[in-house]
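Heads up, the thing below is written out as structure tokens.
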Amino acid sequence: MIQININNAQLFSCAPFGRFVTREEWSTTGMGRTAVLGFSGLSLARGFKERSWPGLEPREYAIVQGADAAAALLVGGRVAAAAAEERFDGVKHSSSFPAGAAQFALETAGLKASQIDLVAHSFSFGSERDFYVGQSDYYRGLYETALDPEVNRAVAEQHLGIDLTGRFRAVPHHAAHAASAYYPSGYRDALVLVSDGLGERQSATVFAAGTSGLEPLAEVPAHSSLGLLYGLFTLYLGFAFGDGEYKVMGLAPHGDATRHVGTILRDWVHLDSGGRYFVPLLLENVSDLDKETYGAALACIEREFGPRRDPDEPIEQRHKDIAAALQAVLQRAQLHQLSHYRRETGLARLCLAGGVALNCAANGVLLRSGLFEDIYVQPASGDDGAALGAAYVAAVESGERPEPVTGTAYGPAYGPQACEQAAAAEPGLRIRRATDDAELAGLTARLIADGRIVGWFQGAMEFGPRALGHRSILADPRVAGMRERINALVKKRESFRPFAPAVTDEATATLFEIEPEDVHRFAEMLFVGYVRPEYAEQLPAITHVDGSARVQSVSRRTSPLFWSLIEEFGELTGLPVVLNTSFNVAGQPIVRTPDEAVRTFLTAGLDALVLGRLVITRAATEHRAAS
């Protein structure tokens, strides 16, 4: 049993707003000042697979643990900084040791690597050594090369340049995920569900959380993984494992779930008593190669549903129906599991983490079910967030008291000088400098209302996969065809993919079928809601085919500039809501620096870039706007 004690201390009921806490503030809080660096990823796993199985397809090499490497720093129980390595090395879902992210975190806190008290890794395979080395030569090699905690300690020592003797903690993967959701939530007591592809050997763990710690109630083994099942069907439908699952979620509303949901539940996913479920389809993978490629399980799906889709082939109705059925099965299995533990424990609040928690459609079903009084989803629910969770576990064990967290802006921020230099480096740009935030919001709102697609780069980068008004592309949600235009010309992605609305808190319940008391839960774009029918025709660019939307409610208190922009747009149009998508193009991580923002503005064909207080356009765009 994993027991994480926090000395029966009650968590604080609120947290300061803002991004970072200075060393001076830490020294005056009365709290401890333990500096804990958490990191995620298995930097040697993919390379071992590539050497062991030469000749596989690139998408098959992506079926590996340890992607989405990140680093997070806690000082005195507070988040000082957190970022994914992909934003530093430019490789989406990077599995490299997060050296860039770790260096950023240390610089933010004014620390040297030698001043770190603890380094915590979000995997702990030591207790599973006998299982791995006893399977086959391949898995023995995988353990000894990439999974062994001592190997990962040595990697961290090499990159950080310090000796971690007595300072390294290997944290069980699902304990890290659970901590990443429970401690920031602010809940005193909660049920915690971690569900992902695979931890050390678990695919889901249910915890009871309270002031005495996190107590595991049940574990689901890897061979019954809902996350792996979703990834397997993602491959079958022609998308990339570990990257295309959100595409399947977006495709599902276009299909008819009733055509195939019975087949999946009859043959491949079984719901049992006690909240249990089994996924016998995954047991088809017996050989080492099949376990690494899902070859046997994919063959079963092909026998039932026909050949898998090639990434370049058109998406047919049968693909949409299969996606719809898969989504329905995931939602049913999750409700089945959580309903049982809600009854058994009486715990009325729920925390979610792990990759499956990024399925905002399933989260929306849970919220609307009324099963729990409150739900907190870790915004960085994937393995990037496990870096934060590992740091929490080590901090709590050292006696720190974590504080609840508001927002996700724990990444790098850049001042006016960096923005000016980035803009000046590119010839042929028209630059207008806003005098204050009010003027900036008004200028940007007018650009969007005039049909311009705008890159928006403000403040500190978000931690997690969602762009929430710091690294965003914004557009007018009222314009029919805007979604298709952005998908085709800017994002260069599939036409069926929906975009999210960012709406002021005050207007959220008016425009969307969301109860006023639930509005705050939509701040991180982690739940699907529904556009009210009377507004659906007015908001075609953010209304999905089934009337749903991945809503982001924006608070004036926590996001004053972004809120002001949306409010100004509402003054111009009568609808205080804008289309919000991440500031990147296909295959590129979300932009981190002003230089990246300017380059992406130019290559993606955006109409304008708002870079800090700078409003940047090309000469041709400026002429069109003036005319």
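We're numbering straight along the sequence, starting at 1.
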Spacing of [atom1] belonging to [X] relative to [atom2] belonging to [Y], to within rounding of 0.5 Å:
X      : Y      : atom1 : atom2 : value
Ser96  : Asp89  : OG    : CG    : 5.0 Å
His173 : Gln65  : NE2   : CD    : 7.0 Å
Leu37  : Leu111 : CG    : CG    : 10.0 Å
Glu200 : Ser124 : CD    : OG    : 6.0 Å
Cys351 : Tyr187 : SG    : OH    : 6.0 Å
Tyr392 : Leu214 : OH    : CG    : 12.5 Å

Item to check | Chi angles and distances behind the side-chain hydrogen bond (donor to acceptor under 3.5 Å, both in side chains) call for Asp505, His520 | outcome: CA-CA 8 Å; Asp505 270 1; His520 69 282; over 6 Å; no

Next on the checklist: Please evaluate residues Phe569 and Thr444 with respect to the criterion side chain to side chain contact (heavy atoms under 4.5 Å, CB included), reporting the C-alpha separation (whole Å), side-chain torsions for both, the decisive distance (0.1 Å), and the verdict.
Outcome noted: CA-CA 8 Å; Phe569 182 81; Thr444 308; over 6 Å; no

Item to check | Verdict with supporting geometry, Val531 and Leu511, side chain to side chain contact (heavy atoms under 4.5 Å, CB included) | outcome: CA-CA 6 Å; Val531 184; Leu511 300 179; over 6 Å; no

[X] to [Y] - nearest heavy-atom pair and separation:
X      : Y      : answer
Ala357 : Val377 : O-CG1, 3.6 Å
Ala500 : Met525 : CB-SD, 3.5 Å
Leu388 : Ala72  : CA-CB, 3.7 Å
Leu118 : Ser398 : CD1-CB, 4.1 Å
Ala109 : Ala80  : CB-CB, 4.4 Å
Gly274 : Tyr341 : O-OH, 4.0 Å

Does any non-hydrogen side-chain atom of [Y] lie less than 4.5 Å from one of [X]?
X      : Y      : result
Glu400 : Leu74  : no
Asn152 : Phe123 : no
Gln334 : Val365 : no
Glu397 : Val393 : yes
Leu42  : Phe125 : yes
Leu561 : Gln458 : yes
Asp68  : Ser94  : no
Val610 : Leu440 : yes

Checklist entry - What's the verdict on side chain to side chain contact (heavy atoms under 4.5 Å, CB included) for Leu579 and Leu474, showing C-alpha distance, side-chain angles and the deciding distance? => result CA-CA 5 Å; Leu579 181 155; Leu474 307 176; over 6 Å; no

Side-chain ([X]) to main-chain ([Y]) donor-acceptor, under 3.5 angstrom:
X      : Y      : result
Ser555 : Arg557 : yes
Glu515 : Glu517 : no
Ser225 : Gly197 : yes
Arg592 : Arg87  : yes
Arg342 : Leu371 : yes

SB check [X] [Y] (cutoff 4.0 Å):
X      : Y      : answer
Arg78  : Glu403 : yes
Glu462 : Arg466 : no
Arg613 : Asp437 : yes
Arg201 : Glu128 : yes
Lys92  : Asp243 : yes

Checklist entry - For the residue pair Phe457 and Phe583, is the inter-centroid distance of their aromatic rings smaller than 6.0 Å? => result no

Checklist entry - When the ring centroid of Phe522 is compared with that of Phe527, is the distance short of 6.0 Å? => result yes

Next on the checklist: Using the rule given for side chain to side chain contact (heavy atoms under 4.5 Å, CB included), can you reason through Glu107 versus Gln103, listing the C-alpha separation, both sets of side-chain angles and the distance that settles it, and then say yes or no?
Outcome noted: CA-CA 6 Å; Glu107 290 175 356; Gln103 183 61 33; 3.0 Å; yes

Between [X] and [Y], a side-chain donor and acceptor under 3.5 Å:
X      : Y      : result
Ser472 : Asn580 : yes
Asn359 : Gln327 : yes
Trp563 : Glu568 : no

Item to check | Qualifying residue, where the test is side-chain contact (heavy atoms from CB on, under 4.5 Å) with His177 and the options are Asp383, Thr205, Leu352 | outcome: Asp383

Checklist entry - What orientation do His121 and Phe168 show, parallel under 30°, tilted 30 to 60°, or perpendicular over 60°? => result tilted

Checklist entry - Would you find more than 12 non-hydrogen atoms of other residues, nucleotides or ligands less than 6.0 Å from Arg332 atom CZ? => result no

Next on the checklist: Would you say that more than 12 heavy atoms from the other residues, nucleotides or ligands in this model lie under 6.0 Å from the CZ of Arg556, or not?
Outcome noted: no

Item to check | Trace of the ring pair (Phe, Tyr, Trp, His ring centres under 6.0 Å) decision for Tyr410 with Phe463 | outcome: CA-CA 6 Å; Tyr410 292 105; Phe463 181 48; 7.7 Å; no

